[in-house]
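Notes follow the structure.
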Amino acid sequence: MITFVKAKSPLDHVSFNIGGLRSILLYSQSALLVLFLLASMPLMAGENLKATLHADKGEYTIPREIYGQFAEHLGSCIYGGLWVGENSQIPNINGYRKDVFDALKALQVPVLRWPGGCFADDYHWMDGIGPREQRPTLRNNNWGGTIEDNSFGTHEFLNLCEMLGCEPYVCGNVGSGTVREMAQWVEYMTSDGDTPMARLRRQNGREKPWHVKYFGIGNEAWGCGGNMTPEYYSDEYRRYNTYLRDQSGNRLFRIASGASDYDYNWTRVLMKNIGGRMNGLSVHYYTVKSWGNKGKATIFTPEEYYLTIEKCLDVENVVKKHCDIMDETDPRRHIALMVDEWGTWWDEEPGTIRGHLYQQNSLRDAVVASLMLNVFHKYTYRVRMANIAQIVNVLQSMILTDQEGSGHMVLTPTYHVFEMYRPFQEATFLPVDIENDYAQTTEGKTFPIVSASAAKAKDGTTIVALTNASLTDAKTIDMALDGMSAKTVEGRMLTSRDARDYNSFDHPDAVKPVAFKDAKVKNGHLTVKLPAKSIVVLTLK
């Protein structure tokens, strides 16, 4: 049985115990199915959880860039995902898949990171410009050894960003590139003068430069970006950065290659040795319990589900620790923390190409997305960008496309979370205190069951997001609205009968948002009956 106790902090908890179910989970798939069905049946709301929304304590704006995306040359993210070419039988707009483009346009993507990832430090940008039929092919050494034709390069990426109305975030090659190569790329993209690279760009069909704000100086320099020490990378950053000159009024927001999750020393060294020469410092965090045994995207036990939730929520400890370290030398918080890779990472789907990281996307992934976004909202005093990995067909993607040529496309549950959370972009973060239920995993780690985030939009409305991570227990939230008044509430909910449910090409709407009616506002209180494993976004007026 899984049991929870209401508590104000994770120190006051009673663990849930699923050890007695292990024999069922290991030896009876039919019993597992019954367990999930029972866990997903509608239950009566349990004891109220008290909460307070502090509407008069808003201080920080939630940047649009928190909802950033990431497109790497990996598997079918670019080719077959974003790009099919003008001559494809799949409907396209100048080579971009029309259905994918339309879905991303509707999502209001604020920023898109490219070309990697690990691919960035193997990518030489001049191979991807000029007439497409003359571009050399490229072996993708990091991801499956795929041969690419370089038909998607600088022009194709930056033009896509213009069409989507989003900021490009270009990641440069430190690992196998040169200072001159990177400096010339910046000149090619952003110079409006009579310079060699600007003339080359005009020769290739683009008269005016693009606006390129975000520029990453390498990626994962501690690993695939060169296996460097933080001291060595700091020196390399300073050298490369010297020659990345702002061109024609375009000012680069310079991002250093930061740490992998718990590597706090990396952040400390870079803050000391690079300091104000960078505008942003990245950190990567994936929700994966074991790199040797990541687990299946749609086949998992309740125990595995809760271990995933705990690992996901541990991002708050990681983000807070990196923020605290940055505060030591940058107390005025001029340097941003950029979580420019995050998301779930499961085993590749059976029958797909090894190294292409194609995975399905269930309701569990949607719960993870909502919990992570709620954490990022809380730390936007320092966290000013986050980029989920990745936008199409790779890891925790927004969209999956059929690779067999039928032209089918499906929106994932994670896409729907991003769509539901759009009102948070550029809204003022409002603190929420909640007397929560806490649980403990079999590894002895505690985590809260209900997550809440709130913000005040520019139009004066208040947005409240609530996520109930429990597989079995509905919750009733009694939220005092401190410092505000509201007369009406409207909402939408994302849930499903089974936490393992996902959207397929045959059943594209298995998990989709529906209208939510179980919220009432009266006498300065918001009351919400929150079903198990649900994500609810409310608008108060």
Side-chain angles (χ1 to χ4, degrees), residues 69-85 88 90 95-97 100 112-125 127-128 132 135-153 156-157 171 173-177 218-227 260 284 286-288 290-298 340-361 365 387-406 408-410 412 414 505:
Q69 300 287 336
F70 175 29
E72 182 170 5
H73 286 249
L74 199 174
S76 53
C77 181
I78 301 295
Y79 300 104
L82 293 173
W83 178 260
V84 292
S88 173
I90 297 174
Y96 308 106
R97 273 190 71 130
V100 172
L112 182 58
R113 182 174 181 244
W114 174 86
C118 292
F119 181 84
D121 285 287
D122 242 353
Y123 182 64
H124 300 281
W125 68 271
D127 292 341
R132 295 194 189 103
R135 298 179 190 179
T137 57
L138 166 70
R139 185 180 189 272
N140 193 326
N141 296 307
N142 289 286
W143 305 116
T146 304
I147 302 299
E148 300 185 7
D149 63 5
N150 269 314
S151 60
F152 190 96
E156 290 75 21
F157 170 68
C171 191
N173 182 349
V174 171
S176 68
N219 166 77
E220 293 190 357
W222 42 265
C224 62
N227 285 303
S260 175
H284 293 174
Y286 285 100
T287 299
V288 55
S290 169
W291 290 105
N293 182 22
K294 295 185 286 292
K296 306 294 184 182
T298 60
D340 59 16
E341 286 189 32
W342 69 270
T344 57
W345 195 318
W346 312 118
D347 293 337
E348 293 157 344
E349 293 298 316
T352 63
I353 298 174
R354 187 174 183 181
H356 281 196
L357 306 189
Y358 181 93
Q359 68 185 40
Q360 252 298 347
N361 195 298
D365 296 278
N387 306 77
I388 190 169
Q390 294 185 11
I391 195 166
V392 188
N393 291 333
V394 173
L395 300 178
Q396 192 176 351
S397 59
M398 302 292 109
I399 297 168
L400 297 175
T401 62
D402 188 350
Q403 301 302 295
E404 302 303 320
S406 65
H408 291 160
M409 181 203 77
V410 66
T412 68
T414 297
F505 301 120

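Counting begins at 1 with the first residue of the sequence.
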Q: Answer yes if the side chains of Ser260 and Trp222 hold a donor-acceptor pair under 3.5 Å, and no otherwise.
A: no
**Q.** Residues that Phe70 engages under ring pair (Phe, Tyr, Trp, His ring centres under 6.0 Å), provided they are two or more places apart
**A.** none
Q: Only counting residues at least two apart or in another chain, list the ones meeting side-chain hydrogen bond (donor to acceptor under 3.5 Å, both in side chains) with Asn150.
A: none
Q: Start with the C-alpha distance between Gln396 and Asp365, add both sets of side-chain angles, then the distance that settles side-chain hydrogen bond (donor to acceptor under 3.5 Å, both in side chains), and finish with yes or no.
A: CA-CA 7 Å; Gln396 192 176 351; Asp365 296 278; 4.5 Å; no
Q.
Quick check on side chain to side chain contact (heavy atoms under 4.5 Å, CB included): which of Thr298, Val410, Thr412 does Asn361 satisfy it with?
A. Thr412
**Q.** Sub-4.5 Å side-chain heavy-atom contact between His124 and Asn173
**A.** yes
Q | Test item: Ile78 and Glu156 side chains (from C-beta on) under 4.5 Å apart, heavy atoms | A | no
Q: Flag the pair Tyr286 / Lys294 as yes when at least one side-chain heavy-atom distance between them is below 4.5 Å, and no otherwise.
A: no
Q. How about Thr146 and His73: does a side-chain donor come under 3.5 Å of a side-chain acceptor?
A. no
Q.
With heavy-atom distances below 4.5 Å as the criterion, would you say the side chains of Ile399 and Ile391 are in contact?
A. no
Q. Aromatic ring centroids of Trp114 and Tyr123 under 6.0 Å?
A. yes
Q. Mind checking whether Asn141 and Cys118 have side chains closer than 4.5 Å, heavy atoms only?
A. no
Q. For Glu72, which residues count as a side-chain hydrogen bond (donor to acceptor under 3.5 Å, both in side chains) partner, sequence neighbours excluded?
A. Trp143, Gln390
Q: Verify, without hydrogens or angle tests, whether Asp122 (side chain) and Ser176 (backbone) share a donor-acceptor contact under 3.5 angstrom.
A: no
